[in-house]
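Read through the structure below, which is laid out as structure tokens, and then see the notes.
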Amino acid sequence: MHERVLADRERTLGPDHPATLNARNNLAVSYSDAGRLQDALHLHERVLADRERALGPDHPATLGARNNLAHVREAAAAVPQPDAATPSTTRGLQPPSDIPRQSDDHPDRSP
């Protein structure tokens, strides 16, 4: 659902609209929650870059994006790298919960 919302907002509002930035952040958080840490990492990096450019480095939403990226980087670093001879055991791993993440689950509210 978050993927569809992001695609719709990018198409209708543009890539830098605050609602689009929120949708991109929400998708990144969903990827992280689903254990798709590499996808989450890539998207959180984009969210941070977009928010820094569109909102400035000290905006609260930018600071939240920076925190979210740090959280996913920590989670990705904690995932053991699978040995080539053994099956992957990383499915279903959740990121650590000691760093709070910021979700933008308020529809159409500007950051």
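These numbers come from a predicted model, not from an experiment.
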Whichever hydrophobic residues join Leu6 through chains of side-chain contacts under 4.5 Å = Leu27, Tyr31, Leu43

Hey, is the main chain of Arg51 close enough, under 3.5 Å, to the side chain of Thr62 for a donor-acceptor pair?
-> yes

Under the salt bridge (charged side-chain N to carboxylate O under 4.0 Å, His left out) rule, what pairs show up with a residue in residues 18-28, not counting sequence neighbours?
-> Glu10-Arg24, Arg24-Asp50

Please list all pairs passing the salt bridge (charged side-chain N to carboxylate O under 4.0 Å, His left out) test where one or both residues lie in residues 13-23, with sequence neighbours left out.
-> Asp16-Arg53

Check step by step if side chain to side chain contact (heavy atoms under 4.5 Å, CB included) holds for Asn25 and Leu21.
-> CA-CA 6 Å; Asn25 179 75; Leu21 298 177; over 6 Å; no

Considering non-hydrogen atoms only, spot the tightest contact between Ala40 and Ala28 and give its length.
-> CB-O, 3.6 Å

Heavy-atom pair with the smallest gap, counting every atom of Arg9 and Ala19 = NH1-O, 3.0 Å

Tell me, do Val47 and Leu69 make a side-chain contact under 4.5 Å, heavy atoms counted?
-> no

Measure the spacing between CZ of Arg46 and CG of Leu41 and express it to the nearest 0.5 Å.
-> 14.5 Å

Minimal heavy-atom distance between Ser32 and Val72, with the atoms involved, is OG-CG2, 3.9 Å

Close side-chain approach of His42 to Asp39, heavy-atom, < 4.5 Å | no

So the salt bridge (charged side-chain N to carboxylate O under 4.0 Å, His left out) pairs with at least one residue in residues 59-68 (sequence neighbours excluded) are Glu52-Arg66

